[in-house]
Amino acid sequence: MGRVRRVLSGPVIAGFVVVAVVVVGAGLYWFQPWKLWQDETVQESLPAAAATQTPAAEDPAGEAPADEPSKAASTPPEPAGPQALARGDLISHEHTTSGTATVLRLADGSHVLRLENLDTSNGPDLRVWLTDAPVKEGKAGWGVFDDGKYVSLGKLKGNKGDQNYVLPADTDPAAYTSVSIWCDRFNVSFGAAELARA
């Protein structure tokens with residue numbers, strides 16, 4: 001009888017060990033707890049798009065015709081830098097979060113979301129969302145942005161610093177009123193900002 005117990009206990013224990021290793025490995029992959037102690041800092045400069053200039057008509061000698069007024073004098077100059085369309089301060093949801101979010105229009109007509117002085121926790125599968133949902137204070141980030149529409153601007157580049165996210169060309173910035181640092185894996189907002197028109 002003792003031999004039977006020894007023979008049975010060996011495979012059973014080995015099976016438990018294998019199951020435990022698989023469960024722990026899956027848990028570590030899913031939660032990635034080490035990221036809570038790893039900061040990724042990104043320092044991107046303010047985006048700029050080169051404004052295209054149309055040269056004035058020239059005669060063969062290389063001079064502008066005297067009888068034509070200069071187009072540059074009659075056309076107002078384009079703004080030199082990005083124009084802020086909307087801005088908001090990030091508040092904490094599931095994790096302590098601070099910084100500012102600004103929607104910018106560049107000289108070429110494209111749009112960028114800029115996060116400045118971002119400071120939040122790192123985590124698995126973090127995204128930057130532009131949404132039409134209101135930002136609710138005092139909630140832990142669960143069920144905050146489940147309804148409504150959103151545009152994912154891609155993975156969060158770093159949990160600290162200044163960074164830029166290009167809006168898709170067919171996105172109307174006026175249709176979105178908030179930004180969320182969104183954990184796609186657990187469907188929770190780490191932090192968010194209500195956007196006020198500039």
Side-chain angles (χ1 to χ4, degrees), residues 16-49 82 84-104 106 110-169 171 173 176-196:
F16 276 126
V17 169
V18 169
V19 169
V21 167
V22 169
V23 168
V24 169
L28 288 173
Y29 170 77
W30 190 252
F31 288 95
Q32 299 178 2
W34 58 87
K35 286 198 169 185
L36 293 174
W37 295 278
Q38 291 178 337
D39 288 329
E40 293 178 41
T41 302
V42 174
Q43 295 295 344
E44 293 182 330
S45 58
L46 191 68
L85 301 180
R87 183 189 174 283
D89 294 323
L90 289 158
I91 65 167
S92 301
H93 275 157
E94 179 64 14
H95 291 268
T96 302
T97 302
S98 61
T100 59
T102 307
V103 177
L104 301 167
L106 305 185
S110 63
H111 296 92
V112 169
L113 172 71
R114 179 160 173 84
L115 300 178
E116 290 186 316
N117 301 315
L118 175 66
D119 190 354
T120 190
S121 298
N122 206 340
D125 207 13
L126 293 180
R127 309 281 171 157
V128 178
W129 277 15
L130 195 61
T131 85
D132 69 347
V135 175
K136 300 174 185 174
E137 293 189 47
K139 295 200 77 168
W142 301 94
V144 176
F145 296 103
D146 289 348
D147 298 324
K149 63 181 178 178
Y150 71 91
V151 174
S152 178
L153 303 181
K155 290 191 172 187
L156 185 70
K157 297 174 183 178
N159 63 306
K160 293 181 181 293
D162 302 336
Q163 43 210 270
N164 307 309
Y165 297 87
V166 177
L167 275 62
T171 301
Y176 298 92
T177 57
S178 60
V179 172
S180 173
I181 308 302
W182 184 257
C183 179
D184 220 19
R185 182 159 297 171
F186 295 105
N187 292 322
V188 64
S189 173
F190 275 33
E194 191 86 40
L195 295 174

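Taking 4.5 Å as the limit, some side-chain heavy atom of Val179 sits within range of a side-chain heavy atom of Leu113. When side chains are defined from C-beta on, Ser178 counts as touching Phe145, because their heavy atoms get closer than 4.5 Å. Put simply, the side chain of Thr96 does not reach to within 4.5 Å of the side chain of Ser121, judged on heavy atoms. For the pair Glu94/Cys183, no side-chain contact is recorded, criterion being any heavy-atom separation below 4.5 Å from C-beta on. Using a 4.5 Å heavy-atom cutoff, the side chains of Thr100 and Leu90 are not in contact. Side-chain atoms of Asn122 and Phe190, non-hydrogen and from C-beta on, never get closer than 4.5 Å to each other. Under the 4.5 Å side-chain criterion, counting only non-hydrogen atoms from C-beta, Leu167 is in contact with Pro173. Within the 4.5 Å cutoff, side-chain heavy atoms of Ile181 are placed close to those of Leu115.
Taking each heavy atom of Val128 and Tyr165 in turn, the nearest pair found is CG2-CZ, 3.6 Å. Nearest heavy-atom pair, Leu106 versus Pro47, reported as atom, atom and distance to 0.1 Å: CD2-O, 3.9 Å. In this structure, Ser45 and Arg114 approach most closely via the heavy-atom pair O-NH1, 3.3 Å. The shortest heavy-atom contact between Gly158 and Leu118 is O-CD2, 3.5 Å. Among all heavy-atom pairs drawn from Leu195 and Ala101, the shortest one is CD2-O, 3.8 Å.
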Carefully, step by step, assess Thr131 and Ser180 under the rule side chain to side chain donor-acceptor pair (under 3.5 Å). CA-CA 7 Å; Thr131 85; Ser180 173; over 6 Å; no

Kindly determine whether Trp182 and Tyr150 satisfy side-chain contact (heavy atoms from CB on, under 4.5 Å), including the steps that lead there. CA-CA 11 Å; Trp182 184 257; Tyr150 71 91; over 6 Å; no

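Taking Val42 as the reference, Glu44, Lys157, Gln163 meet the side-chain contact (heavy atoms from CB on, under 4.5 Å) condition, with sequence neighbours excluded. Every residue meeting the side-chain hydrogen bond (donor to acceptor under 3.5 Å, both in side chains) condition with Thr97, not counting sequence neighbours, appears here in chain and number order: Thr120. Looking at residues two or more places apart in sequence or on another chain, you find a side-chain hydrogen bond (donor to acceptor under 3.5 Å, both in side chains) between Asp119 and Lys160. Among residues two or more places apart in sequence or in another chain, the ring-ring contact (aromatic ring centres under 6.0 Å, His included) test is passed with Tyr176 by none. For Glu194, there are no side-chain hydrogen bond (donor to acceptor under 3.5 Å, both in side chains) partners at least two apart in sequence or on another chain. Evaluation of the salt bridge (Lys or Arg N to Asp or Glu O under 4.0 Å) rule for Asp89 yields Arg87 as partners, not counting sequence neighbours.
Environment of CD in Gln43: crowded, with over 12 heavy atoms of neighbouring residues, nucleotides or ligands closer than 6.0 Å.
To the nearest 0.5 Å, the span separating CH2 on Trp129 from CG on Leu156 amounts to 14.0 Å. Interatomic distance, Lys155 NZ to Asp125 CG, rounded to the nearest 0.5 Å: 5.5 Å. Atom CZ of residue Arg127 and atom CG of residue Leu153 lie 11.0 Å apart, to the nearest 0.5 angstrom. Summarising the geometry, atom CG belonging to Asn164 is positioned 8.0 Å from atom CG belonging to Leu104; distances are rounded to the nearest 0.5 Å.
The closest donor-acceptor contact from the side chain of His93 to the backbone of Val144 lies at 3.5 Å or more, if one exists at all. Distance alone, capped at 3.5 Å, places no donor-acceptor pair between the Asn117 side chain and the Gly99 backbone.
Asp39 and Asn159 share a donor-acceptor pair across their side chains, judged by distance under 3.5 Å alone.
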